Structures are given as C-alpha cells and as structure tokens.
There are 2 protein chains.
Amino acid sequence: MIDDAWEPPPVLLAVDLVILTLRDAHLRVLLVKRGIDPYEGALALPGGFLSHAGEGIDTAARRELREETSLDANTLHLEQLGVYGTPGRDPRGRVISVAYLAIAPRLPEPVAGTDAADASWQPADHVLAGELNLAFDHRQIVADAVTRARAKLEHSALATAFCSQTFTIGDLQEVYEAVWGISLDPRNFYRKVQKADGFIVPAGTEQRTTVGRPARLFRAGPNAHLSPPIVRPVDP
Amino acid sequence: MIDDAWEPPPVLLAVDLVILTLRDAHLRVLLVKRGIDPYEGALALPGGFLSHAGEGIDTAARRELREETSLDANTLHLEQLGVYGTPGRDPRGRVISVAYLAIAPRLPEPVAGTDAADASWQPADHVLAGELNLAFDHRQIVADAVTRARAKLEHSALATAFCSQTFTIGDLQEVYEAVWGISLDPRNFYRKVQKADGFIVPAGTEQRTTVGRPARLFRAGPNAHLSPPIVRPVDP
DNA sequence: GGAATAGTGTCTTTTAGACAGTATTTG
DNA sequence: CAAATACTGTCTAAAAGACACTATTCC
C-alpha cells in the first residue's frame, strides 16, 4: 500500500532478445560482442534500454529486433519470456530486463546486423553447457528460452516459425529434431503432423529438389494450438 | 545501442498478484477494493510498488503476498506470469507491472487480510466474462493467469498447490473440474493420477469423513512434471 | 439394509511405434 | 537401372474411455 508522502523508486528498463534459428541442423542463438563497459568484449544477447519513457515494451523489443537483425519484426515470431531483475545483475544500477523469445526462419548465409558488426549465431548447446561465457545473467535467459521453445513445440505451431513461408514435412522434422536433440521416425512423424488439426495446410505445388522425389509444400495452418499434440518421446 | 550522452528513461515498477484458490467448487481470485485515486473504489489485483530500489522483484511479490493474505508465502506456489507495460495503462505515469500467479490451498473461512479490509474472493468466471469491472488492465492479467493455470494442470503438479498438504484423489479431481470447468469420470481419473509418475505419494493413514468409505490420503510427490500428462478433453 | 463415497476390473475403441512396401525423382 | 528421397499401408502393443462391479463407511 502506498503512503501519501512515499515515492516508489524508479528503475531502468531494458529489453533483451533471445533470437533462435536453425543453422546446419543445430539450434543457434544470436549473440553480439559487447562494445561498451559492463562486460565489454563479452558475448551477450542483443538488446537495449527503452528509447524514451513513452515507448511500449513490445515496441522496444521489435525495434531492437529490427536494429540488430534487419529482419522484418512483423513476420517473426516474438513472445515475452520473462523478467530478470535480480538486484546486482547489472553493475550500472537497478536494471530490470524484459526478455523476449524470437524465432527466425532459416536465414540467408551471413549474419545480418546493421549496428552490430560482430553478431554471430552460436550453438545453443554451447551456451547451455557453459562453454561460452555470456554477460550478465544471459546464460540463464538463454536456458529459459530453449526450455520454453522445447516445450512449445509439443502443443503449438511454433515449429513453423523456424521455417520459410512454405516448407516440406522434412523441414519441419528437422526443426523438431534439432530443437529436441533427438531423431524421429520420418514416416510416423509425417502422419502425426498431418493429423494435428490446422497445423499445416498444403501450399499447392511441389518443389524442385536435388535428388529424390520432390516433396509437397505446406504453409502454417490457422491453428496455433496442436491437437493432438506432437509429443516429445521420453528418455528411458 | 547506447550513446554516451544519452540516459535511459526511468520507469516505476509495480508487482501485481493473481491469487487463485478453490472455494465451493469454483475457481476464485482475490481482489481488493482500491482505496486511492487511480480507479478509487474499483476492484483490483493486490499489489504495489517496489518498496526500495534494492528490493528483488520476487521478494516484492512475496512481501505483497504476505501483506495482503497473511499466508506464508514460502509454502505457496508463486510464479512469474508476465510483464504488463502498455504506455497509458496507469494514469500516474510510466508504470510497468510484473504480474505473479499464486495458488492458495483451501483457506479457513474468511478472507484474511492485514491491511486490506475489503478483500474478497471473486469467481474467476465473473472476471473473465466482464461482469466485474477491474482497474487498469487487470482483467487481462487474470485472463492470462487462468489460461496459464489451465494449461499447467495438464503437464505439471500445479493441482496439488490448490490442496492442503494431504488430500484425497477426490479433492484433486475437484481442482481439475473447477479449473477446467468440466466434469471427469472419477474412476478413470483415479487411475490416471496414480499412473503419473511421482505426482502424488500415499500419506499413510486414512481419513475420517462424513459419509461413505474413507479415502486414502496423499501428498504432493517429488515430480513437478507429469508423465504421462493428465490431458484435458477436447470440446466437440 | 440403504445410501453414499472409494476403489478395482474389464471390455472396446483409439492411438503410438515399428517397419515393409510403393512412388517419383536425378543421373 | 541404381540411388535417393517422399509417401502409404499394416501390424502390434499400449493407452484412453466407458462403465459394471466390489469395498467400506454412516445412518
């Protein structure tokens, strides 16, 4: 409860982006090399402070996404991941960071970045295993993002966000296999995906490919929720 | 990216709590009648501003929970729900609110509140249907909380948080039925719950009851993740 | 015994998983 | 035709759902 004389303490609000994509069959996350003081030179998630007091948080996330990746933020999947605000996480003062999870489709070869020349797609595994040292609490944020993505593949159409606008069922399977880190039976996967109502819809024509029978093309269907779900196999 | 001369704009950070419980077989949420100006007199979620600049957000949530419900915050389920920061949501200025979802077990009769005399358990349905007018964007926050709770019943042991430390399988079923708003076959539910590995463990003795055979007692098991899950039936 | 609630067994229909087999392409 | 990839069919075992039945209590 608020007392008349008392004033709440202001904080600084930052936005951090976990941008995941698939590259050579591995789940990768976009990291930038920090150019300014706290953790200068270390790898970190792209992000930044609110540009002005009237900027919406989602707007700020989209702006950062555009600035860092030069991707059209409107076509990408972007969802809020959580708030990270442990006191002391940023030496500059009380900084609260709102983390976002973004999923990018397979991208043209290089890392595109307008203001961050040294951005790179690092394997998510390496980050989780602690082989790469990240600034702040960014390793934890990436871990939470990967956990979220893995879980959402089961019950949502998130996997289509990793693909181009049209894709084959084989492409989709690659997504599941890379994100879950397992391999799946292509024949059973094929039927499972088709059975999930409104998950994918045929995109007319077929595709020219390198060798073998050309695959049908699909695009994301109307339903974001999968029923029945694509269940992740259990370990033992 | 940050320019040397530029200073990020400060914001005010608030914490809001969606405290859910079961009362007479209905999902209810704790609301307080606001005593101060923005939306004075309207129903709102319990919450408040960060008490001082060094207070952790989770700590603030626990403090508010203790202040509002006089429940031991350490025994309750409490998880972060999301950030709500649309510019203009609070007429006092740029207020960012971190919403938390708390689950309270069946409580002793009245609403306990230390500083909020007019707190009440309102049916979640009424809030979702818009029959009750809530301050700020609190209706949306409650809606997101209920959605989260409904989803988590399937794959997590969240249902046990609605029960006392020991409970019967019938109690558990009541939780699922109230939160999902459906009815389930008790016999199939019984086996499903038992089959979920580490969900519930027997709590030794049996229970004295009003009429009928006394039920076995259980307590929450070691596993927070249910496999196999308790799947929510589909509508058609 | 009757009513009420708890718990078990069993049958049927669906679904998951393994995997053989067919189809369509390139070289 | 061989190699490669896409897709289909089928068999079997497990799971979900419906529901009859048994068990234990209070009155």
Side-chain angles (χ1 to χ4, degrees), chain A residues 25 153-155 159 163-164 166-177 180 182-197 199-219 226-236, chain B residues 24-25 106 153-155 159 163-164 166-178 180 182-197 199-219 225-236:
Chain A
L153 285 193
E154 295 200 77
H155 306 281
C163 300
S164 339
T166 64
F167 49 85
T168 68
I169 293 190
D171 292 338
L172 252 195
Q173 187 180 340
E174 256 194 275
V175 173
Y176 279 88
E177 293 186 329
W180 284 348
I182 58 174
S183 61
L184 300 166
D185 183 300
R187 294 148 315 174
N188 292 334
F189 183 81
Y190 199 94
R191 271 174 306 135
K192 257 185 172 171
V193 161
Q194 301 258 45
K195 212 181 292 177
D197 192 58
F199 182 15
I200 56 174
V201 294
T205 63
E206 323 238 358
Q207 190 193 30
R208 245 357 63 178
T209 178
T210 49
V211 64
R213 175 174 172 176
R216 295 186 208 155
L217 288 176
F218 296 85
R219 66 168 52 89
L226 304 188
S227 83
I230 313 286
V231 288
R232 174 162 35 166
V234 287
D235 316 87
Chain B
D24 44 48
R106 284 183 181 74
L153 285 193
E154 296 200 76
H155 306 281
C163 299
S164 338
T166 64
F167 49 85
T168 69
I169 293 190
D171 292 338
L172 253 195
Q173 187 180 340
E174 257 195 273
V175 173
Y176 278 89
E177 292 185 330
W180 284 348
I182 58 174
S183 61
L184 300 166
D185 184 299
R187 292 139 328 165
N188 293 334
F189 183 81
Y190 199 94
R191 273 174 306 133
K192 256 185 171 171
V193 160
Q194 302 259 44
K195 213 181 291 177
D197 191 59
F199 182 14
I200 56 174
V201 294
T205 63
E206 324 240 356
Q207 188 193 29
R208 246 358 62 178
T209 178
T210 49
V211 64
R213 174 176 174 175
R216 297 186 205 155
L217 288 176
F218 296 85
R219 65 168 53 89
H225 231 232
L226 304 187
S227 85
I230 312 287
V231 287
R232 176 162 35 166
V234 288
D235 316 87

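Every value quoted in this text rests on a predicted model; they were computed, and no experiment measured them. Throughout, a chain's letter reflects where its sequence line sits, starting with A, and its residues are numbered from 1.
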Value rounded to 0.5 Å, distance of CD1 in A:I200 from CG in A:L217:
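Output value for this atom pair is 10.5 Å.
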
Just verifying a value: how many Å separate B:H155 NE2 and A:H155 NE2, rounded to the nearest 0.5 Å?
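Spacing of NE2 (B:H155) from NE2 (A:H155) equals 3.0 Å.
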
Rounded to the Å, how far apart are [X] [atom1] and [N] [atom2]?
| X | N | atom1 | atom2 | value |
| --- | --- | --- | --- | --- |
| B:F189 | C:dG7 | CZ | P | 12 Å |
| B:F167 | C:dA6 | CZ | P | 14 Å |
| B:I230 | D:dA15 | CD1 | P | 14 Å |

What closest approach, in Å, do A:P228 and A:K195 show between heavy atoms, and which atom pair accounts for it?
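For A:P228 and A:K195, the tightest heavy-atom pair comes out as CD-O, 3.9 Å.
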
All side-chain contact (heavy atoms from CB on, under 4.5 Å) counterparts of [X], not counting sequence neighbours:
| X | result |
| --- | --- |
| A:Y190 | A:I169, A:Q194, A:R216 |
| A:R187 | A:D185 |
| A:Q173 | A:E177, A:L184, A:P186, A:F189 |

Take B:E174 and B:F167 through the test side chain to side chain contact (heavy atoms under 4.5 Å, CB included) and record every step on the way to the result.
CA-CA 11 Å; B:E174 257 195 273; B:F167 49 85; over 6 Å; no

Check whether any side-chain heavy atom of A:F199 lies under 4.5 Å from a side-chain heavy atom of A:K192, and answer yes or no.
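Side-chain contact under 4.5 Å: no.
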
Backbone N/O of B:L153 and side chain of B:Y176: donor-acceptor pair under 3.5 Å
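Between the backbone of B:L153 and the side chain of B:Y176 there is a qualifying donor-acceptor contact (under 3.5 Å).
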
At under 4.0 Å between heavy atoms, which parts of nucleotides 11-21 of chain C does protein reach? Answer with one letter per nucleotide, 5' to 3': B base, S sugar-phosphate only, - none.
------BBBB-

Protein within reach of the bases, or only the backbone? For nucleotides 1-6 of chain D, mark each nucleotide 5' to 3' as B, S or -, using heavy atoms under 4.0 Å.
---BBB

Worked verdict on B:V193 versus B:F218 for side chain to side chain contact (heavy atoms under 4.5 Å, CB included):
CA-CA 11 Å; B:V193 160; B:F218 296 85; over 6 Å; no

Tell me the bend of the helix from C:dG1-D:dC27 to C:dG27-D:dC1 as the angle between end helix axes, each from five pairs, rounded to the nearest 10 degrees.
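Axis angle across the helix from C:dG1-D:dC27 to C:dG27-D:dC1, nearest 10°: 0°.
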
